[in-house]
Amino acid sequence: MAGSGNGKDRKDATRLAHTGRPTEDGPVNPPLERASTFVYANSGALYGKGRRYGRMGVSVHDALGETLSTLQHAARTLITSSGLSACVAPFRAFAQPGSHVLVTDSIYGPTRDFASRFLGGERSVEVEFYDPRIGAGIADKIRENTALIAMESPGSLTFEVQDVPAIAAAAKARGVKTMIDDTWSAGLLSKPLDLGVDMACQALTKYVSGGSDTFGGAIACADEKTAAQVEGVIRISGESVSPDAAWTCLRGARSLAARLKWHGEAGLKVAQWLEGRPEVVRLIHPALPSHPDHEIWKRDFNGAAGLFGVILRPVGDDAVNAFIDSMELFGCGFSWGGFESLAIHCDPQIHRTAVPWKAEGPLVRLQIGLEDPDDLIADLEQALQKL
Ligand SMILES: *Cc1c(COP(=O)(O)O)cnc(C)c1O
């Protein structure tokens with residue numbers, strides 16, 4: 001019977017295929033209901049248990065949330081209109097004027113801007129950035145008024161893998177909430193809630209939807225009380241996700257495990273090839289033993305995504321641009337997690353205040369898509385000659 005394949009003993013790929021499906025005879029997928037308004041024959045029914053207004057979601061939002069909760073071992077998963085809105089929601093829910101928040105120096109740039117410009121500005125929150133590799137040392141930074149510790153692992157430009165259990169344990173000991181931007185793992189390659197984190201946020205825009213054609217965000221919450229608090233700030237500001245976007249993300253989730261396996265294996269193959277090239281100083285890929293946090297990655301992750309960094313030998317910007325521009329299969333584009341490969345020159349985008357970013361040469365970030373990795377390697381080989 002459909003809907004019965006999501007039991008706790010099943011593997012993630014199975015649960016992704018079976019959770020959040022209609023249980024009655026009929027279509028495989030939940031219906032795409034486009035509705036702002038729900039009508040009832042009388043006001044008693046209107047104020048009853050049913051849905052009242054589409055801004056709060058329809059059946060497909062429930063199906064997506066249920067599927068992601070099953071994947072991430074969450075009490076409840078809230079769906080938001082973008083990854084950024086998911087990442088900032090925990091700050092909005094827990095950081096009050098006068099409180100202090102700790103944010104990893106490796107956090108996604110726009111989340112960093114929200115913290116430093118909005119919270120640190122008009123909201124009078126004290127925002128302190130910390131070394132992503134601080135581990136249990138975070139305990140020394142927690143104050144009486146610390147409200148939230150924000151992590152991102154691996155950092156999506158610089159790929160430091162954080163000691164999430166150590167940071168979560170230090171926070172719990174002092175009653176401080178924790179959130180992580182878990183977009184790289186897509187909720188599949190690691191289980192931050194099992195490691196003690198309160199809220200795992202991700203951009204469904206990336207791997208979960210997988211098609212580079214929609215926006216979506218999710219906040220997987222470890223307990224119902226946390227979920228209710230975050231839901232409060234989402235609701236009050238009119239956050240809303242179209243049924244089409246939720247439906248597209250749910251469709252992506254069905255094939256997430258298969259796609260991510262390909263992204264991970266192809267990415268590793270390309271990374272290993274690049275690691276031997278004379279134009280390259282080093283790779284920044286958590287699944288390579290050369291990565292400084294490789295042991296933590298092995299402990300806390302069950303696989304790799306297809307996004308990693310390459311440090312080139314020192315050359316000028318023109319040479320880096322010539323390299324990127326001469327790739328035929330890699331587009332120059334932000335975002336990642338789609339089926340198409342991408343390359344960006346990251347150096348200019350890294351903003352650090354806690355620990356300076358140090359590299360021997362320019363950093364190029366590659367997103368390995370679903371093309372055949374041998375074709376991507378051939379493309380990189382011809383492009384490296386333009387360096
Ligand atoms: C893309 C991204 C986001 C933001 O997602 P949007 O849907 O573009 O708002 C947040 N965190 C990380 C790590 C991302 O890569």
Side-chain angles (χ1 to χ4, degrees), residues 64 68 72 77-92 103-116 118 129 132 150-162 164 179-190 192 197 199-220 230 234 237 239-242 244-246 248-250 252-253 256 260 263 267 284-286 301 304-309 331-344 346 349-352 363 365-369:
L64 177 61
L68 294 170
Q72 300 179 94
T77 299
L78 305 163
I79 308 299
T80 63
S81 59
S82 72
L84 181 59
S85 65
C87 290
V88 305
F91 289 92
R92 293 172 53 217
V103 182
T104 177
D105 217 15
S106 54
I107 200 96
Y108 176 66
T111 307
R112 183 183 190 103
D113 288 344
F114 177 86
S116 49
F118 178 69
F129 292 95
M151 296 172 262
E152 179 171 319
S153 183
S156 56
L157 288 180
T158 45
F159 303 97
E160 299 91 341
V161 184
Q162 297 198 261
V164 172
M179 70 78 89
I180 189 167
D181 184 335
D182 185 37
T183 303
W184 191 85
S185 116
L188 180 71
L189 304 174
S190 74
V197 177
M199 292 158 279
C201 305
Q202 66 161 314
L204 303 175
T205 313
K206 308 291 167 57
Y207 285 122
V208 170
S209 63
S212 301
D213 54 4
T214 193
F215 280 93
I219 309 153
V230 179
I234 291 174
S237 54
E239 174 82 37
S240 162
V241 182
S242 80
D244 301 68
T248 307
C249 292
L250 182 61
L256 176 66
L260 211 45
H263 285 293
I284 327 182
H285 190 312
F301 288 75
L307 188 81
F308 58 87
C332 306
F334 294 113
S335 195
W336 41 280
F339 52 84
E340 78 295 0
S341 290
L342 300 168
I344 55 169
C346 288
Q349 292 173 46
I350 297 173
H351 303 292
R352 287 301 167 88
L363 167 60
R365 187 183 76 178
L366 297 179
Q367 124 86 3
I368 302 302

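Here the structure is a predicted model, which is why all the values come from computation and not from measurement. Atoms within a ligand are numbered from 1 in the order they appear, just like the ligands themselves. All values below come from the heavy atoms of this structure, side chains included, with hydrogens, waters and symmetry mates left out.
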S.K.: Is G83 close to ligand 1, meaning an N/O of one under 3.5 Å from an N/O of the other?
M.R.: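 Yes - when backbone and side-chain N and O of G83 are compared with those of ligand 1, one distance drops under 3.5 Å.
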
S.K.: To which of D181, T183, T214 does the heavy atom nearest atom 11 (N) of ligand 1 belong?
M.R.: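 Answer by nearest heavy atom: D181.
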
S.K.: For the ring pair (Phe, Tyr, Trp, His ring centres under 6.0 Å) test, which of Y207, F301, W336, F308 pairs with W184?
M.R.: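 Testing each of Y207, F301, W336, F308 against W184, the sole residue satisfying ring pair (Phe, Tyr, Trp, His ring centres under 6.0 Å) is F301.
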
S.K.: Is the contact between E152 and ligand 1 made by the side chain, the backbone, both, or neither, using heavy atoms and a 4.0 Å cut-off?
M.R.: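 Side chain only; the backbone of E152 stays clear of ligand 1.
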
S.K.: Below 4.5 Å, heavy atoms only, C-beta onward: do I79 and L68 meet side chain to side chain?
M.R.: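 Heavy-atom side-chain distance check passes, below 4.5 Å.
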
S.K.: Using the test ring pair (Phe, Tyr, Trp, His ring centres under 6.0 Å), find all partners of F91 that sit at least two apart in sequence or belong to another chain.
M.R.: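 Testing F91 for ring pair (Phe, Tyr, Trp, His ring centres under 6.0 Å), a comparison that skips the adjacent residues, returns none.
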
S.K.: Does any N or O atom in C87 lie less than 3.5 angstrom from one in ligand 1, N or O only?
M.R.: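 Among all N and O atoms of C87, none is under 3.5 Å from an N or O of ligand 1.
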
S.K.: At a 4.0 Å threshold, what atoms of ligand 1 neighbour a non-hydrogen atom of S156?
M.R.: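 With S156 as reference, the close atoms of ligand 1 come out as 13 (C).
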
S.K.: Please could you name the atoms of ligand 1 that W336 approaches to less than 4.0 Å, counting only its heavy atoms?
M.R.: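 Those of ligand 1 that fall under 4.0 Å from W336 are 15 (O).
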
S.K.: Which atoms from ligand 1 have a heavy atom of L84 less than 4.0 Å away?
M.R.: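 Near L84, the atoms of ligand 1 are 4 (C), 5 (O), 6 (P), 9 (O).
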
S.K.: Looking only at atom types and distance, does a side-chain atom of T214 sit under 3.5 Å from a main-chain N or O of T248, one as donor and one as acceptor?
M.R.: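 Here the side-chain-to-backbone pair does not exist.
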
S.K.: Can you check side chain to side chain donor-acceptor pair (under 3.5 Å) on S237 and E239, steps first, answer last?
M.R.: CA-CA 6 Å; S237 54; E239 174 82 37; 5.3 Å; no

S.K.: Using a 4.0 Å heavy-atom cut-off, say whether T205 meets ligand 1 through its side chain, its backbone, both or neither.
M.R.: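 For T205, only side-chain atoms sit under 4.0 Å from ligand 1.
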
S.K.: Answer with side chain, backbone, both or neither: which part of W184 has a heavy atom less than 4.0 angstrom from an atom of ligand 1?
M.R.: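 Neither part.
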
S.K.: Does any non-hydrogen side-chain atom of R352 lie less than 4.5 Å from one of T158?
M.R.: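 Yes; the side chains approach each other to less than 4.5 Å.
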
S.K.: Return the residue, atom name and 0.1 Å-rounded distance of the protein heavy atom closest to atom 8 (O) of ligand 1.
M.R.: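 Answer for atom 8 (O) of ligand 1: F215 CE2, 3.5 Å.
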
S.K.: How close do A186 and L256 get, counting heavy atoms only, and between which atoms?
M.R.: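 Closest pair (atom of A186, atom of L256, distance): O-CD2, 3.9 Å.
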
S.K.: So, is S85 polar-close to ligand 1, with some N/O to N/O distance under 3.5 Å?
M.R.: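 Among all N and O atoms of S85, none is under 3.5 Å from an N or O of ligand 1.
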
S.K.: Residues two or more places apart in sequence or in another chain: which of them pass ring pair (Phe, Tyr, Trp, His ring centres under 6.0 Å) with F129?
M.R.: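 Applying ring pair (Phe, Tyr, Trp, His ring centres under 6.0 Å) to F129 gives none.
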
S.K.: Which residue holds the protein heavy atom closest to atom 15 (O) of ligand 1, what is that atom called, and what is the gap in Å?
M.R.: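 Result: K206 NZ, 2.6 Å.
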
S.K.: Return yes when F334 approaches ligand 1 closer than 4.0 angstrom through a heavy atom, no otherwise.
M.R.: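 Not so, F334 does not reach ligand 1.
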
S.K.: Can you tell me if T183 uses its side chain to pair, donor with acceptor, with the backbone of A203 under 3.5 Å?
M.R.: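 Flag set: sc T183 to bb A203 pair under 3.5 Å.
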
